[in-house]
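Keep in mind that what you see is a predicted model, and the values were worked out from it rather than measured. Throughout, a chain's letter reflects where its sequence line sits, starting with A, and its residues are numbered from 1.
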2 protein chains.
Amino acid sequence: MYEQIKEVVSSLINLNEVELNYFISKLQVKHFNRKEIILQEGQICRYAYFINRGCIRYFHNLEGEEITAQFFFENGWYTDYGSYLSGTASTQNIQAIEKTEILLLSKTDLYNLYQTIPQFEKLGRLMAERAFLGLRQRTEMLTNQTPEERYLNLIKDRPKVFERVPQHYIASYLGIKAPSLSRIRKRIFDKK
Amino acid sequence: MYEQIKEVVSSLINLNEVELNYFISKLQVKHFNRKEIILQEGQICRYAYFINRGCIRYFHNLEGEEITAQFFFENGWYTDYGSYLSGTASTQNIQAIEKTEILLLSKTDLYNLYQTIPQFEKLGRLMAERAFLGLRQRTEMLTNQTPEERYLNLIKDRPKVFERVPQHYIASYLGIKAPSLSRIRKRIFDKK
DNA sequence: GCTAAACGTTAACCCAAGTTAAGAAATGAA
DNA sequence: TTCATTTCTTAACTTGGGTTAACGTTTAGC
């Protein structure tokens, strides 16, 4: 159950056996069914999430329509960094796309780890930097690329997304509507 | 010359007279003419910038076209946070829009301040968080709003931009081309 | 295995942004 | 003040995404 997270954390910071096990002891396991909401828009995000198995998405509501901001798969750490930083209500929902097993680490425990094991400060910084750079990448995608380019790049960079995520979520992630994604796929298929 | 920055820094962190003056002694003053480049795409960003007077923009080149990402006016701290974080080449140009007076603080000096005056760690964190939240705001603008909504909100939230920044820069910031911005303006004017 | 729900594609029509080019207006630098 | 440069607007035309609705297919969950 904890093999993956041990590996991921160990690849980022140096911990001895005792520290690593102390960390693991703070984790909570939760299971979510398809479409189940993990974090609701408006709540304050008090946990960091590690995905053991499954796949989740971030989305928010815009005039009744769901806008998907990101997908995440196994072996990643995620949190609503905006809510975490400012302690304000989350603007995102986090939802399981498949049956998903998640390890939760409460902010309280994380802050205690910052205090007791200095290496965790580094983990915190790496998570923050990753959040910034990930957001920047998405922003650049949206400003610099046409919908068709975004589609082609997503297939190239993260083909897994197309295997595991319904297409209308992907359309919304690419900043377009489902019929447009269908047309783009057809257009590209016809070119070949 | 240093009144503004003293006020801004003092409003964020608590420093005594000596610390504040020590900080000021590390600053370097530079002047830039209209259109002059402050930081070139591809260089590593080694400074944080404080604008004393004037106005700057961030932009990058995309297939020969300049995409404007942000405008900044007096009394703000800015840096290419992506380049600063990762130590990689900047993906942005920083350019003076008007005659601009800037105070520079080198990363080296900033890191020394982190070590010698703990309060500066807080300043660093606040700058980082502001960068993240600013970027998130822009991302949400681009994903959640139509060009017309973006235009109306920019007028509402930052009317100064329209007084001091050429319109084709604004168009690019809004994610559209100059003729489109003109049409939007006409459309809105005709409605009234 | 069955059934309802979810999903993907297509068509027809609309509309807004892109492109290009031209000309008018405003502005900066000498 | 003048002139070159920059900036803004407009027009004509093209392109591609949005909308709506229909239909067929797939899939989840019992």
Side-chain angles (χ1 to χ4, degrees), chain A residues 31-37 54-55 57 59 62-68 71 95-100 141-152 154-155 161-191, chain B residues 31-37 54-55 57 59 62-68 71 95-100 141-152 154-155 161-191:
Chain A
H31 290 89
F32 296 89
N33 285 322
R34 203 174 80 97
K35 296 208 161 198
E36 207 173 330
I37 296 291
C55 140
R57 68 172 181 133
F59 73 92
L62 182 68
E63 292 158 24
E65 191 189 352
E66 293 182 356
I67 310 289
T68 298
F71 309 109
Q95 184 188 40
I97 294 177
E98 313 167 349
K99 278 202 173 209
T100 295
M141 173 187 95
L142 290 169
T143 49
N144 297 351
Q145 294 170 19
T146 63
E148 187 169 324
E149 288 169 338
R150 290 176 218 157
Y151 168 76
L152 289 169
L154 188 62
I155 281 204
V161 169
F162 288 87
E163 291 161 21
R164 296 172 68 176
V165 174
Q167 214 160 280
H168 60 289
Y169 293 165
I170 298 179
S172 146
Y173 172 75
L174 294 173
I176 57 178
K177 294 290 185 301
S180 275
L181 180 52
S182 270
R183 280 186 294 231
I184 288 172
R185 288 163 65 82
K186 188 172 186 331
R187 217 153 60 212
I188 288 166
F189 181 81
D190 288 349
K191 273 185 200 163
Chain B
H31 291 90
F32 296 90
N33 285 322
R34 204 173 81 97
K35 296 207 160 195
E36 207 172 330
I37 296 291
C55 138
R57 67 172 183 134
F59 73 93
L62 182 67
E63 291 158 26
E65 191 188 352
E66 294 183 354
I67 310 288
T68 297
F71 309 109
Q95 183 188 40
I97 293 177
E98 314 166 349
K99 278 202 172 211
T100 295
M141 172 187 97
L142 290 169
T143 48
N144 297 351
Q145 294 169 20
T146 63
E148 187 170 323
E149 289 169 337
R150 288 176 220 157
Y151 167 76
L152 290 170
L154 188 61
I155 281 204
V161 169
F162 288 87
E163 293 161 21
R164 296 173 65 177
V165 175
Q167 214 160 282
H168 60 287
Y169 293 165
I170 299 179
S172 147
Y173 172 76
L174 294 173
I176 57 178
K177 293 292 186 301
S180 276
L181 180 52
S182 269
R183 280 186 294 234
I184 288 172
R185 289 163 64 84
K186 188 171 187 331
R187 218 151 62 210
I188 289 167
F189 181 80
D190 288 349
K191 272 185 201 162

* Structure fact -> A:K186 atom NZ is separated from D:dG16 atom P, nearest whole Å, by 15 Å
* To do: Respond yes when some side-chain nitrogen or oxygen of B:R185 is under 4.0 Å from OP1 or OP2 of D:dT9, and no when none is.
  => yes
* To do: Using a strict cut-off of less than 4.0 Å between a Lys/Arg side-chain nitrogen and an Asp/Glu carboxylate oxygen, indicate whether A:K35 and A:E98 qualify as a salt bridge.
  => no
* If you measure from the Lys or Arg side-chain nitrogens to the Asp or Glu carboxylate oxygens, is any gap between B:R57 and B:E66 under 4.0 Å? -> yes
* Asked: Does the side chain of B:H168 get closer than 4.0 angstrom to OP1 or OP2 of D:dT6 through an N or O atom?
  -> no
* Given the side-chain rings of B:F162 and B:Y151, with only the six-membered ring counted for Trp, is the space between their centroids under 6.0 Å? -> yes
* Return yes if some donor-acceptor pair links the side-chain N/O of B:T68 with the main-chain N/O of B:F59 below 3.5 Å, else return no. => no
* Structure fact -> Span of DNA chain C engaged by chain A, first through last nucleotide within the 4.0 Å heavy-atom cut-off, is C:dC7 to C:dA12
* Asked: Donor-acceptor pair, B:T100 side chain versus B:C55 backbone, under 3.5 Å?
  -> yes
* Asked: What integer distance in Å separates A:K99:NZ from D:dT27:P?
  -> 18 Å
* Structure fact -> Side-chain atoms of B:K35 come closest, of D:dT10, D:dT7, D:dA28, to D:dT7
* Pairing of DNA chain D as dot-bracket, 5' to 3': ( ) intra-strand, [ ] crossing, | other strand, . unpaired, with Watson-Crick or G-U pairs under 3.5 Å? -> ||||||||||||||||||||||||||||||
What's touching nucleotides 17-20 of chain D from the protein side, N or O pairs under 3.5 Å?
| from | atom 1 | to | atom 2 | distance (Å) |
| --- | --- | --- | --- | --- |
| D:dG17 | OP2 | A:R187 | NH1 | 3.0 |
| D:dG17 | OP2 | A:R187 | NH2 | 3.4 |
| D:dG18 | OP2 | A:K177 | N | 3.0 |
| D:dG18 | OP2 | A:S180 | OG | 2.8 |
| D:dG18 | N7 | A:R183 | NH2 | 2.8 |
| D:dG18 | O6 | A:R183 | NH1 | 3.1 |

* Asked: Is any side-chain nitrogen or oxygen of B:Q167 closer than 4.0 Å to OP1 or OP2 of D:dT9?
  -> yes
* Would A:R183 and A:S180 satisfy side chain to side chain donor-acceptor pair (under 3.5 Å), going step by step from the backbone distance to the final call? -> CA-CA 5 Å; A:R183 280 186 294 231; A:S180 275; 3.3 Å; yes
* In whole Å, what is the span from the CZ atom of A:R150 to the P atom of D:dG16? -> 14 Å
* Atom CD of B:E163 to atom C1' of D:dC8: distance rounded to whole Å? -> 18 Å
* Asked: Within the distance-only criterion (no hydrogens, no angle test), does the side chain of B:Q145 pair as donor or acceptor with the backbone N or O of B:L142 below 3.5 angstrom?
  -> no
